[in-house]
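FYI, side chains are in, hydrogens and waters are out, and symmetry mates aren't considered; it's all heavy atoms of this structure.
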Amino acid sequence: MPYYLEFNQNDSQFHETTRTTSEDSILLVIDEAQKKLLLSVPSNVGMITRRAAERQARGIQKTGFLFGDGGR
């Protein structure tokens, strides 16, 4: 079961979400079964925001993401 994270532009952090698709925000899909991270960036997002999301995604790839249930 993949996990979905949405990038919040106000605090430049990813947060858990139940949405699987979004046309106006950046989504990161964590698929543990295939060992993949998929970053979805809409075309209307600015370069600075996109780069901030990419940096956060690389950090999550290295250290993991702390979920609300305590899992990483």
**Request:** Tell me, please, which residues at least two apart from E23 pass side chain to side chain contact (heavy atoms under 4.5 Å, CB included).
**Result:**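 E23: no side chain to side chain contact (heavy atoms under 4.5 Å, CB included) contacts found.
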Donor-acceptor contacts, no H, no angles, side chain residues 48-57, under 3.5 Å, sequence neighbours left out:
| unit_1 | atom_1 | unit_2 | atom_2 | d |
| --- | --- | --- | --- | --- |
| R50 | NH1 | E54 | OE2 | 3.0 |

**Message:** Restricting to side chain to side chain contact (heavy atoms under 4.5 Å, CB included), what partner residues turn up for V29, sequence neighbours left out?
**Reply:**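 In terms of side chain to side chain contact (heavy atoms under 4.5 Å, CB included), with neighbours along the sequence ignored, V29 is linked to P2, Y4, L38.
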**D24: partners by side-chain hydrogen bond (donor to acceptor under 3.5 Å, both in side chains), with sequence neighbours left out** =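 Residues passing side-chain hydrogen bond (donor to acceptor under 3.5 Å, both in side chains) with D24: S22.
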**Message:** Does any part of the side chain of I26, heavy atoms only, come nearer than 4.5 Å to the side chain of P42, both counted from C-beta?
**Reply:**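 Yes, their side chains come closer than 4.5 Å.
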**Item:** Check: E16 and L5 side chains under 4.5 Å, non-hydrogen atoms
**Value:**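 Heavy-atom side-chain distance check passes, below 4.5 Å.
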**Message:** Within this structure, what is the CD1-CZ distance for the pair I30 and F14, rounded to the nearest 0.5 Å?
**Reply:**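 Interatomic distance, I30 CD1 to F14 CZ, rounded to 0.5 Å: 9.0 Å.
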**Asked** Sequence neighbours excluded, which residues qualify as side-chain hydrogen bond (donor to acceptor under 3.5 Å, both in side chains) partners of D11?
**Response**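 D11 satisfies side-chain hydrogen bond (donor to acceptor under 3.5 Å, both in side chains) with H15 once adjacent residues are dropped.
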**Item:** Cluster link L27 to L39, ILVMFWY, side chain under 4.5 Å
**Value:**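 Cluster IDs for L27 and L39 differ.
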**Heavy-atom closest contact (Q61 atom, L37 atom, distance)** =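 That would be CB-CD1, 3.5 Å.
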